[in-house]
Amino acid sequence: MPPSRIAIVTGASSGIGAATARQLAAAGYRVVLTARRKDRIDALAQEITAAGGQATSYPLDVTDRAAVNEFATAFKAIAVLVNNAGGALGLDPVESGDPEDWRRMYETNVLGTLHLTQALLPGLEASGDGTVVVVSSTAALATYEGGAGYAAAKHGAHVLAETLRLEIVGRPVRVIEIAPGLVKTDEFALTRFGGDEARAAKVYEGVPAPLTADDVADTITWAITRPSHVNIDLLVVRPRAQASNTKLYRESGEGH
Ligand code: 8X3
């Protein structure tokens, strides 16, 4: 496979990132898994390889600009960059939210995406047919009570994608934004609530069928594998039980 068929996935250690790496490998890409947790991405690379795919791992903190620049030197041409690393911290009102949570969310969701995109844009362009994916959120387009810090960061990622698309039009790189709603993954809610399992479980309580990481990976992979003149600018994907950020159907229970 030519080197231009490389797909780099950030936040590939779990959830949507890991599922996307598996599906892109199954679609024939040589995937490069990045995340902070080396053991996780090493294991996933082995799993993908054992299944007949091509995968390598590279431990990386997307907020570390120097490390990202060093990582990027390994690639002359790449086909796909999936900016998936990020997440939420807290569900506090503006009145009492922790500025440190806001700062960390901005650093991972926005500056992490900026670092990778800046460092890899030359390689994406050199492939003659590159794709940047920004995995944002429905919180990138509208807010909800307690969601301001996360929504502000995801709105930032959305603006980055929209602006980049304007700025590089005419060059051979697509910019795709995928905005998922409620997705039940192993870690998203747990991370948001500092490891509080009971509180994390409440997020999905009574919801008949939240999206899974595979559902979102399927959407990402579909968008990437359209013919290269087709740019899926922005795709919002929610479970059927979620009509808006604040309208979620539950068969029982409560929670955000
Ligand atoms: C995840 C969706 O509703 O937790 O990005 O903001 S939500």
Side-chain angles (χ1 to χ4, degrees), residues 9-20 35 62 82-94 97-98 101-113 133-162 176-220 223 232 234-250 253-256:
V9 181
T10 68
S13 51
S14 71
I16 294 169
T20 300
V62 296
V82 180
N83 287 295
N84 164 75
L89 295 171
L91 189 64
D92 303 304
V94 172
D98 183 346
D101 284 346
W102 283 56
R103 194 183 336 274
R104 283 172 59 203
M105 286 189 279
Y106 192 83
E107 281 181 0
T108 52
N109 292 285
V110 185
L111 297 183
T113 299
V133 177
V134 174
V135 182
S136 66
S137 166
T138 45
L141 308 168
T143 192
Y144 51 86
E145 287 128 301
Y150 180 60
K154 286 299 193 182
H155 275 66
H158 166 70
V159 167
L160 184 159
E162 280 219 318
I176 294 173
E177 178 181 353
I178 305 293
L182 187 74
V183 188
K184 187 173 182 189
T185 61
D186 292 341
E187 296 186 338
F188 178 83
L190 207 54
T191 302
R192 174 169 234 172
F193 298 122
D196 182 336
E197 291 187 8
R199 203 167 168 210
K202 276 211 175 302
V203 172
Y204 311 102
E205 198 172 80
V207 179
L211 294 179
T212 65
D214 274 332
D215 293 327
V216 181
D218 181 46
T219 303
I220 294 168
I232 306 298
L234 169 63
L235 197 155
V236 176
V237 52
R238 298 182 192 270
R240 190 175 59 193
Q242 186 183 36
S244 82
N245 290 12
T246 53
K247 184 84 179 170
L248 181 63
Y249 173 72
R250 295 181 196 270
E254 48 190 68
H256 161 64

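Counting starts at 1 for both ligands and their atoms, in listed order. Throughout, residue positions are numbered sequentially from 1 according to the sequence presented.
Remark: the backbone N or O of A142 is not paired with any side-chain donor or acceptor of K154 at under 3.5 angstrom.
Taking a cut-off of under 4.0 Å to the non-hydrogen atoms of A139, the atoms of ligand 1 that pass are 6 (O). Ligand-side atoms of ligand 1 in range of Y144: 3 (O), 4 (O), 6 (O), 7 (S), range being under 4.0 angstrom from any heavy atom.
The environment of R238 atom CZ is dense: over 12 non-hydrogen atoms of other residues, nucleotides or ligands sit within 6.0 angstrom.
Checked for salt-bridge contact, K202 and E205 meet the test: a charged N lies under 4.0 Å from a carboxylate O.
For the ligand labelled ligand 1, residue G147 lies outside the 4.0 Å heavy-atom shell.
For ligand 1, the polar-atom distance check against S136 finds no nitrogen or oxygen pair separated by under 3.5 Å. The distance criterion of under 3.5 Å between nitrogen or oxygen atoms is not met by Q242 with respect to ligand 1. Between S137 and ligand 1, at least one N/O pair is under 3.5 Å apart.
The two residues F188 and A88 have their closest heavy-atom pair at CZ-CB, 3.8 Å.
Scored by the side chain to side chain donor-acceptor pair (under 3.5 Å) test, R199 finds no partners at all (sequence neighbours excluded).
When heavy-atom distances to ligand 1 are checked against a 4.0 Å cut-off, R192 comes that close only through its side chain, counted from C-beta outward.
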| query | Please walk me through it: do Y150 and R192 pass side chain to side chain contact (heavy atoms under 4.5 Å, CB included)? | reply | CA-CA 10 Å; Y150 180 60; R192 174 169 234 172; 3.7 Å; yes
